[in-house]
Amino acid sequence: MSAAIPLKTLSRDAMAARIASDIPEGWVVNLGIGAPTLVANHVPATREVIFHSENGVLGVGPAPAPHHTNPWLINAGKQHITLRDGASIIGHADSFAIIRGGHLDLAVLGGYEVAQNGDLANWSTGPDDIAPGVGGAMDLGAGAKRVWILMDHVSKSGASKLVEKCSYPLTALGSVTRVYTNIAVIDITARGFVLCEAAPGLSFEDIQNHTEAKLHLP
Amino acid sequence: MSAAIPLKTLSRDAMAARIASDIPEGWVVNLGIGAPTLVANHVPATREVIFHSENGVLGVGPAPAPHHTNPWLINAGKQHITLRDGASIIGHADSFAIIRGGHLDLAVLGGYEVAQNGDLANWSTGPDDIAPGVGGAMDLGAGAKRVWILMDHVSKSGASKLVEKCSYPLTALGSVTRVYTNIAVIDITARGFVLCEAAPGLSFEDIQNHTEAKLHLP
Amino acid sequence: MIDKFVPDIAAALKGIADDSVIMIGGFGAVGSPNALIDGLLELNLKGLTIVANNAGAAFGGLPKLMQAGSIRKVVCSYPKGVEKSVFVELYRDGKIELELVPQGTLAERIRAAGAGIPAFFTPTGAGTLLTENRETRVINGRLCVLEDALFADAALVEAWQADRWGNLTYRLAGRNFNPVMAGAAKLTIVQTQHRVALGELAPDHVITPGIYVDRVVHVPYGDPEI
Amino acid sequence: MIDKFVPDIAAALKGIADDSVIMIGGFGAVGSPNALIDGLLELNLKGLTIVANNAGAAFGGLPKLMQAGSIRKVVCSYPKGVEKSVFVELYRDGKIELELVPQGTLAERIRAAGAGIPAFFTPTGAGTLLTENRETRVINGRLCVLEDALFADAALVEAWQADRWGNLTYRLAGRNFNPVMAGAAKLTIVQTQHRVALGELAPDHVITPGIYVDRVVHVPYGDPEI
């Protein structure tokens, strides 16, 4: 593993677009706070995907035009949103019943670390993290039918974020099935990490070199 | 105990009126199927009592005039009802959350037997009772803040229905606090049955003579 | 484009198999998906488990399904009506099974299935015949019994209005068990009195979000019969 | 005549005592009962436990209550915002306690309190730091943790419309934690943007039935600030 080699990596928007291309019409999808929220921008309006926000909104539409915000409509990241035709409003207990009851086809979340058995760490960096927020991360991690992670492949300090075993406190056990990074798309199967796709110009070895855990061929 | 003595007893309507006089404005009240339903007729419209029906109706009003029924409005006994101003509709899960969560001030139920410790039997007469229905009786018995029973003091065969220990299968444990019969009003306290009121012309001894368990003076 | 409407009852019920667990909404005659129940009869199924509050009622399609031998077991709070019922005759003859559940526990077990709560404690029914041999625990000074979530293979629901995403409203007492059952089944099938355009239902007034619904068939039958 | 309206904030909050557990609705700045929170400040209370999803947010009245030393403990899923918050400073100094709860578990524990479910199993958080030393059980092949109901002495709620029975509606994302908290407290206090006549709210559109509400105060403050 060598984090020193500079790689041609995907932008956040390109990663978001890559995920969006894998979301079929009709899915019910929750997008986590931060980069995952960008995914919505890359789903064409003609492909009907029902976006869910934890605070009780189903059918989130595109971001409002400036000066045309409805102050009564926000998402879980407290950003102003719009509603599509077909939207509905529910309370928090019902909103998390949707999550916990397995009614989300997909949750796209950010990650600190993902382990080869699908464990996810994305809420706390450990004892030095004073009063970290957990929000809906544990509910989404445990509840959604599929959990896909959008994150950089390596941390700012150069460490692989795809690991044999998470070192940070866990969010959910064995729930991640796919990871989209700035250099690869990786499935998590019974064998562990399986490389689906490398970013243009990168080889299996390039990706393995930046991945702590063993990478498998499809 | 002597069931042979004929007594001047209250009619069902008189019993219902007696209960109604003890229900203050503002209470949320569930009336069981059968005789308890009559109680509503004796609460004047000027005294606002919120009647709840298990099938998700709050604010049940007086019975509709003939040929003026709304086919979409029934109560738990499948009788047509009206709504008062201020009524609301909820689903079954929310309706029983009201019951189970202790938000009913009162449930008025019928009874087969009531024991001196407040145990109630009112859903099955035992092994010979083929496929008895339980409906909401166990939820109401366990959940309401107060459970009052409206029933005859003795059975058709002359046996006291106020007993030391129920012989029929139980509905709820220790939940009845008051019994209104055709000859008396009886509280259930830590001491057991306490006579509050005898029907006109009847003495403590008359009531005790028709009551299997020991009766106490207030 | 998401469009959950199907052209007819046969298309709505397609794929329901023998030995399925089927939830059926309605309370009394109100909010009952009658056309879907009648449609089940056409499928000549065997071994069904029916979860429906008034499963033993003498009216509607369920007695016909029982007589046809399609139903192995009934889960309900009220197995018989005032009239003589097919259910009671079959039950007495040992030809149908019964799981009797307090009405609120039934509703909550169904909600639990949809809400991802595999089990919960409740005081309802604790210490009674209906919870014999079950796990109990005293919590906050009260005897409680552990109840498990009640799942279904299919739920049959009657709605007042539906749009093509499957968003639903109900009419007055027609709501009853319908919304909670819509969440608890692998396949939720709706018959609706009114079909409305997407966007016509106010987001604040939708009772069952379309995400719970798989198929909708338009059956404008009018008022409940009784 | 039932009339739950009270003339002012002081009357609405009357009787709230030191060491109370107080639930506060709202998510972000939407649906937050700001006038009631500000009113708490006037009462100079001590030892409060606050149950509120965004208890550590830097805006609104809660930071002032914390600075005033009224709050002993916070139960929430998100104790800090993006900005520097009073909560984090107090927490670092050991002057305030934190019970961190996953957001959905928080909502469900509150619902459980109102619905008479003393405890339930959920997979959320099982096997994580947040449920260490708690009772667990494998159900249907999944590790679950036992969660208990979360009760309050008082709940502060913001509604869009209210009638004199206390029937409530909410506006769009202003619904959030408000309805579920209304059911979980001994004393439910509502500030409403609009006061409507009894009978004006359609029975099918009421979100919180008035039976959950004790007091209502009319505070037509308009739109959320942010």
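As the structure is a computational prediction, the values presented were derived from the model and not from experiment. Letters A, B, ... mirror the listed sequences (proteins, then strands); counts begin at 1.
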Ring-plane angle category for Trp160(D) and His194(D), please: parallel below 30°, perpendicular beyond 60°, tilted otherwise. perpendicular
So which part of Ile74(A) gets closer than 4.5 Å to some heavy atom of chain D, the side chain, the backbone, both or neither? both
Just give me the residue among Ile110(D), Ile207(D), Leu130(D) that pairs up with chain A most often, heavy atom to heavy atom, under 4.5 Å. Leu130(D)
If you count heavy-atom pairs within less than 4.5 Å of chain D, which of Ala76(A), Ser53(A), Ser95(A), Ala97(A) leads? Ala76(A)
Assert yes or no for the condition that the ring centre distance of Phe193(A) to His216(A) is strictly below 6.0 Å. no
Under 6.0 Å from the CZ atom of Arg47(A), do we count more than 12 heavy atoms belonging to anything else shown? yes
Residue by residue, which of residues 176-189 of chain D have a heavy atom closer than 4.5 Å to a heavy atom belonging to chain A? Asn176(D), Phe177(D), Val180(D)
Using a cut-off of under 4.5 Å for heavy-atom pairs, which of Pro123(D), Ala107(D), Gly104(D) has the most such pairs with chain A? Gly104(D)
Ile149(A): which of Leu120(A), Thr181(A), Ile186(A) passes side-chain contact (heavy atoms from CB on, under 4.5 Å): Leu120(A)
For Arg134(D), is there an ion pair with Glu147(D) - N to carboxylate O distance below 4.0 angstrom? yes
Greatest number of non-hydrogen atom pairs under 4.5 angstrom with chain A, of Asn53(D), Thr105(D), Val88(D), falls to Thr105(D)
Determine whether Thr177(A) and Asp187(A) make a side-chain contact, defined as any pair of heavy atoms from C-beta on separated by less than 4.5 Å. no
For chain D, which candidate among Gly135(A), Gly91(A), Gly56(A) shows the most heavy-atom pairs at distances under 4.5 Å? Gly135(A)
If you draw a 6.0 Å radius around NZ in Lys145(A), do more than 12 non-hydrogen atoms from other residues or ligands fall strictly inside? yes
Side chain, backbone, both or neither: which part of Asn75(A) has a heavy atom under 4.5 Å from chain D? backbone
Between Ser88(A) and chain D, which part of the residue has a heavy atom less than 4.5 Å away: side chain, backbone, both or neither? neither
Looking only at Leu106(D), Thr122(D), Leu98(D), Thr128(D), the option with the highest number of non-hydrogen pairs under 4.5 Å against chain A is Thr128(D)
Please check if atom CG in Asp223(D) has more than 12 non-hydrogen atoms from other residues, nucleotides or ligands closer than 6.0 Å. yes
Lys161(A) to Tyr168(A), cation-pi by 6.0 Å centre distance and 45° axis angle: no
In terms of side-chain geometry, is the basic nitrogen of Asp148(D) or Arg109(D) positioned less than 4.0 Å from the acidic oxygen of its partner? yes
Of the backbone (N, CA, C, O) and the side chain (C-beta and beyond), which part of Leu140(A) lies under 4.5 Å from a heavy atom of chain D, both, or neither? neither
Answer key: most heavy-atom pairs under 4.5 Å with chain D among Ile90(A), Thr69(A), Val57(A) is Ile90(A)
Test: Arg178(A) and Asp22(A) ion pair at under 4.0 Å: yes
Shortest non-hydrogen contact from Met138(A) to Leu170(A)? CE-O, 3.8 Å
Which atoms of Phe87(D) are under 4.5 Å from chain A, going by heavy atoms: the side chain, the backbone, both sets, or neither? side chain
